[in-house]
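Accompanying notes for the structure given below.
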Amino acid sequence: AGVTITLSDTTGSGVWSSSPATGSASVTGTGVVLGITAGADTIKYTVSDTLCSATAIQIVTINPLPDSGTITGPSNVCIGAVITLVDTTGGGTWSSSNTAIATIVAGVTTGVAAGTDVISYTVANSCGTAIASKTISINPLPVISGNMNICVGETTSLTTTISGGTWSSSDTSVATIGITGFATGKSPGTVSISYTTGTGCTASVTVTVSTIPVAGLIIGPDTVCKGATVTLNDPVGGGKWSSSNTAIATIDSTSGTISTLAAGTVTITYTTSNSAGCTDITMHTLTILPGADFVVGSTISQVKCYGNNTGSIAV
């Protein structure tokens, strides 16, 4: 169709014609045949005199031009996701201009890397080749970063490489997440936190929410004399002891034994933790008194010692 061929007949003075006259082809007076539409046409060459005529015929097949149709379907795909493209013209073949960005098999297009790719549908026959094309955008996936292990009641900030998306939690009874990416632990367990970009690409991470250990209650004296040694106790084992001021009193981190160095007040802290890094503390205020305090009476002076030894002597 749309192409010409030239027929010839060695007998001169004949007349060329096409049958039907408005069929799939036309012919000029010199035997030039033009394909018009797909089909078959009879080309005639007629020689006549005053009494008789003779006609030679040639059947000409007009082949259709290839038609690639139109590719329909989504114009965007996320990395690792698939979309399906359709071309209703049968017999064609699909191809990708850059398989490092996108691949296509039977119309199913897979995003490989961020960028743009031209998807083509090619139809070929004896008359040539026709190609339909569609540009596809492959959108990147967001990358979520931050602390994926939090404690009940604690909040952690998650961030992504792409702004303008939305956060969601698969189980808000375990953890919630705000519009700015702050995740809060609600109860022990694991939860999937997802982030979806404006182009519809979603990434997810697993966040583990752990219980907070109980630090218990510190047992021991509130007051002790300078120079004395005392041991504090907490029924919850495995914790670590610390002193707020080691110039006043030091404490062994594992045994709880305190050495008093100077008069004053110090806060003793007992910290418990678990394998998830969740901690709890309990505190105890300890007052360290001077070693002796003289109280002067009308006839005697009393010496009152604080700690394990108290009493009075006459002078």
Side-chain angles (χ1 to χ4, degrees), residues 64-150 155-186 189-209:
L65 292 173
D67 181 9
S68 59
T70 302
I71 299 173
T72 59
S75 299
N76 296 274
V77 64
C78 302
I79 293 176
V82 298
I83 56 174
T84 299
L85 302 180
V86 176
D87 193 306
T88 56
T89 304
T93 57
W94 294 95
S95 62
S96 165
S97 65
N98 190 343
T99 55
I101 293 179
T103 61
I104 186 165
V105 178
V108 178
T109 304
T110 302
V112 177
T116 57
D117 188 32
V118 177
I119 300 298
S120 299
Y121 186 73
T122 303
V123 177
N125 62 17
S126 60
C127 291
T129 301
I131 301 174
S133 299
K134 185 177 180 67
T135 300
I136 303 297
S137 296
I138 295 84
N139 299 313
L141 292 174
V143 177
I144 302 174
S145 58
N147 183 16
M148 307 306 170
N149 296 281
I150 59 177
T155 297
T156 186
S157 176
L158 301 180
T159 60
T160 68
T161 53
I162 301 174
S163 61
T166 56
W167 292 96
S168 62
S169 168
S170 65
D171 189 346
T172 55
S173 68
V174 176
T176 59
I177 188 159
I179 59 175
T180 57
F182 283 95
T184 302
K186 295 295 184 179
T190 58
V191 63
S192 178
I193 299 296
S194 300
Y195 182 80
T196 302
T197 66
T199 58
C201 298
T202 301
S204 300
V205 293
T206 299
V207 173
T208 300
V209 181

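These values consider heavy atoms only, across backbone and side chains, with no hydrogens, waters or symmetry-generated copies. On a predicted model such as this, the values are computed, not experimentally measured, just so you know.
For the pair V112/I101, no side-chain contact is recorded, criterion being any heavy-atom separation below 4.5 Å from C-beta on. Side-chain contact between I162 and T199 is absent, with no heavy atoms from C-beta onward closer than 4.5 Å. P140 has its side chain out of reach of C201: every pair of non-hydrogen atoms, C-beta onward, lies at least 4.5 Å apart.
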For this session: May I have the step-by-step check of side-chain contact (heavy atoms from CB on, under 4.5 Å) for W94 and L85, ending in yes or no?
Result: CA-CA 10 Å; W94 294 95; L85 302 180; 3.9 Å; yes

For this session: Take I79 and I138 through the test side-chain contact (heavy atoms from CB on, under 4.5 Å) and record every step on the way to the result.
Result: CA-CA 6 Å; I79 293 176; I138 295 84; 3.8 Å; yes

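With hydrogens and angles disregarded, a donor-acceptor distance shorter than 3.5 Å links the side chain of Y121 to the backbone of T89. In terms of modelled atom types and a separation under 3.5 Å, the side chain of Y195 and the main chain of G181 share no donor-acceptor contact. The backbone N or O of V118 lies less than 3.5 Å from no partner atom in the side chain of S133, so there is not a single donor-acceptor pair.
Between the CG atom in L141 and the OG1 atom in T161 there is a gap of 9.0 Å [rounded to 0.5 Å]. Annotation: the span from S95 atom OG to I104 atom CD1 amounts to 8.0 Å, rounded to 0.5 Å. In this structure, the separation between CD1 on I83 and CG on N76 is 7.5 Å, given to the nearest 0.5 Å. Distance CD1/I150 to OG1/T156: 6.5 Å, rounded to 0.5 Å. Note: S168 OG to I179 CD1 = 14.0 Å, rounded to the nearest 0.5 Å.
Between T129 and A124, the shortest heavy-atom contact is OG1-CB, 3.7 Å. D67 and G69 get closest at one heavy-atom pair: OD1-N, 3.0 Å. In terms of heavy atoms, A132 sits closest to I71 at O-CD1, 3.4 Å. Scanning both residues, S192 and S204, for their nearest heavy atoms gives OG-CB, 3.6 Å. The shortest heavy-atom contact between D87 and S68 is OD2-O, 2.5 Å. Of all heavy-atom pairs between V77 and T109, the closest is CG2-O, 4.4 Å.
D117 and S96 share a donor-acceptor pair across their side chains, judged by distance under 3.5 Å alone. Side chains of K134 and S75: a donor-acceptor N/O pair is present below 3.5 angstrom, by distance only. With no hydrogens or angles considered, a side-chain donor-acceptor pair links T155 and T184 at under 3.5 Å. Inspection of the S120 and T122 side chains reveals no N or O donor paired with an N or O acceptor under 3.5 Å. S169 and T176 are not linked by any side-chain donor-acceptor pair at a separation below 3.5 angstrom, with hydrogens and angles left out of the test.
Qualifying side chain to side chain contact (heavy atoms under 4.5 Å, CB included) partners for V205, counting only residues two or more places apart in sequence or in other chains: I144, M148, I193, V207. Scanning for side-chain hydrogen bond (donor to acceptor under 3.5 Å, both in side chains) contacts around T72 gives an empty result, with sequence neighbours left out.
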